[in-house]
Amino acid sequence: MTFELRPDIYADHGVVTEPIARGGRFCTGKPMDLALPDPLVFIVDHTDDHPPRGMEGISIPVWSSAFVSCLRGAGVANLELFPAILRNPAGREWGDYFAVNIVGSDTTLLLYRPWLGTPRAHQAIIDALERARPPEGWGITIKQI
C-alpha cells in the first residue's frame with residue numbers, strides 16, 4: 001500500500017511565511033544546489049499553548065528532528081536537511097526543526113510529488129510513525145492512495 005502524508009489539513013496553526021518564495025528548489029527531487037540561509041527562518045502562528053508538531057510547511061517541508069529520526073529509523077535515507085527555526089510574531093522560537101529536501105524518486109521509501117506537495121510513503125513508514133507517535137500527534141494527515 002502507498003500513502004500520502006500531508007500536514008494536518010485541520011490544523012488551526014502553521015507556517016505563515018516561508019524564507020524562500022514558492023519553495024525555491026525544494027521539492028524537485030534533486031539535491032539542493034542553492035546557497036541557503038543557515039538557519040532558515042519560518043514565521044508561524046503557533047503559540048506556547050499550540051506548539052508546532054512533527055510536520056509543518058506546505059511548499060517547503062519543515063519537520064521536527066523527532067519526525068526525521070522516526071523516518072530514518074524506518075529506512076528513509078534520501079533526505080537533505082537544513083536547520084530551521086520556527087518563529088511566531090511574538091518572538092517565540094522552536095529550533096528543533098529542519099527544512100527537508102527529499103532527493104530522488106525511490107518510491108520504496110519516500111517520494112516527493114511536487115505537483116501535489118505531498119510525500120508518498122509505504123506501510124513500513126506508516127507503521128513506524130504510528131509506533132513513535134507523540135501524545136500531541138505528528139500533525140499529519142495520512143491518506144491511502
Side-chain angles (χ1 to χ4, degrees), residues 1-34 36-88 93-145:
M1 282 189 245
T2 304
F3 301 87
E4 285 181 357
L5 303 178
R6 299 180 185 201
D8 183 357
I9 60 174
Y10 301 107
D12 293 328
H13 303 280
V15 173
V16 176
T17 306
E18 295 177 328
I20 301 171
R22 295 185 313 267
R25 296 186 186 220
F26 282 84
C27 311
T28 64
K30 298 177 184 174
M32 188 63 63
D33 62 356
L34 183 67
L36 298 172
D38 183 13
L40 290 160
V41 178
F42 294 79
I43 304 303
V44 299
D45 60 1
H46 292 283
T47 65
D48 285 337
D49 291 335
H50 300 282
R53 295 183 285 170
M55 180 185 264
E56 298 289 341
I58 299 298
S59 61
I60 299 175
V62 186
W63 299 347
S64 71
S65 62
F67 191 77
V68 169
S69 293
C70 183
L71 292 176
R72 286 200 163 155
V76 176
N78 59 332
L79 304 177
E80 277 188 310
L81 304 176
F82 303 91
I85 291 175
L86 305 182
R87 181 182 298 148
N88 72 14
E93 294 184 349
W94 294 268
D96 199 20
Y97 283 82
F98 295 99
V100 180
N101 185 33
I102 303 166
V103 179
S105 60
D106 182 356
T107 57
T108 63
L109 296 178
L110 194 64
L111 169 67
Y112 203 82
R113 295 169 39 182
W115 60 93
L116 290 178
T118 59
R120 182 183 287 181
H122 285 267
Q123 188 66 52
I125 294 168
I126 301 302
D127 292 345
L129 288 169
E130 288 177 356
R131 282 191 305 274
R133 183 183 184 278
E136 67 279 5
W138 289 117
I140 62 176
T141 300
I142 301 172
K143 176 184 173 190
Q144 184 176 342
I145 54 173

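Within the model, atoms CG of Leu40 and CZ of Phe82 stand 8.0 Å from one another, a figure rounded to the nearest 0.5 Å. With values rounded to the nearest 0.5 angstrom, Ile60 atom CD1 is found 4.5 Å from Ile20 atom CD1. To the nearest 0.5 Å, the span separating CD on Glu80 from CE on Met32 amounts to 6.5 Å. With rounding to the nearest 0.5 angstrom, the CZ atom of Arg87 is 12.0 Å from the CZ atom of Phe42. A distance of 13.5 Å separates CZ in Phe98 from CZ in Phe67, rounded to the nearest 0.5 Å. Distance check, rounded to the nearest 0.5 Å: CG of Asp12 to CG of Asp45 gives 9.0 Å.
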Do any side-chain atoms of residues 133-145 form donor-acceptor pairs under 3.5 angstrom with protein atoms, and if so which ones, sequence neighbours left out?
| from | atom 1 | to | atom 2 | distance (Å) |
| --- | --- | --- | --- | --- |
| Trp138 | NE1 | Leu129 | O | 2.9 |
| Thr141 | OG1 | Ile9 | N | 3.2 |

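A donor-acceptor pair is defined here as one N or O able to donate and one able to accept, closer than 3.5 Å; no such pair exists between the side chain of Asn88 and the backbone of Thr47. Put simply, the side chain of Asn101 never gets that close to the backbone of Phe26: no donor and acceptor are under 3.5 Å apart.
Contact record, Ala74 with Ala124: CB-O, 4.3 Å, taken as the closest heavy-atom pair. Between Cys70 and Ala128 the shortest heavy-atom distance is SG-O, 3.4 Å. Considering every non-hydrogen atom in both Met55 and Trp63, the closest pair reads CG-NE1, 3.5 Å. Of all heavy-atom pairs spanning Pro7 and Gly57, the tightest one is CG-O, 2.9 Å.
Under the rule for a salt bridge (charged side-chain N to carboxylate O under 4.0 Å, His left out), the partners of Asp33 that lie at least two apart in sequence or sit in another chain are Arg25.
There is no side-chain donor-acceptor pair under 3.5 Å between Asp96 and Ser64.
His13 and His50 have parallel rings, their planes meeting at less than 30° on a 0 to 90° scale where 60° marks the start of perpendicular.
Applying the salt bridge (Lys or Arg N to Asp or Glu O under 4.0 Å) rule to pairs touching residues 52-68 yields Asp8-Arg53, sequence neighbours excluded.
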Practice problem: Verify side chain to side chain contact (heavy atoms under 4.5 Å, CB included) between Val41 and Thr17, making sure each step is shown before the conclusion. | Solution: CA-CA 9 Å; Val41 178; Thr17 306; over 6 Å; no
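Side-chain contact between Ile102 and Leu79 is present, with at least one heavy-atom pair separated by less than 4.5 Å.
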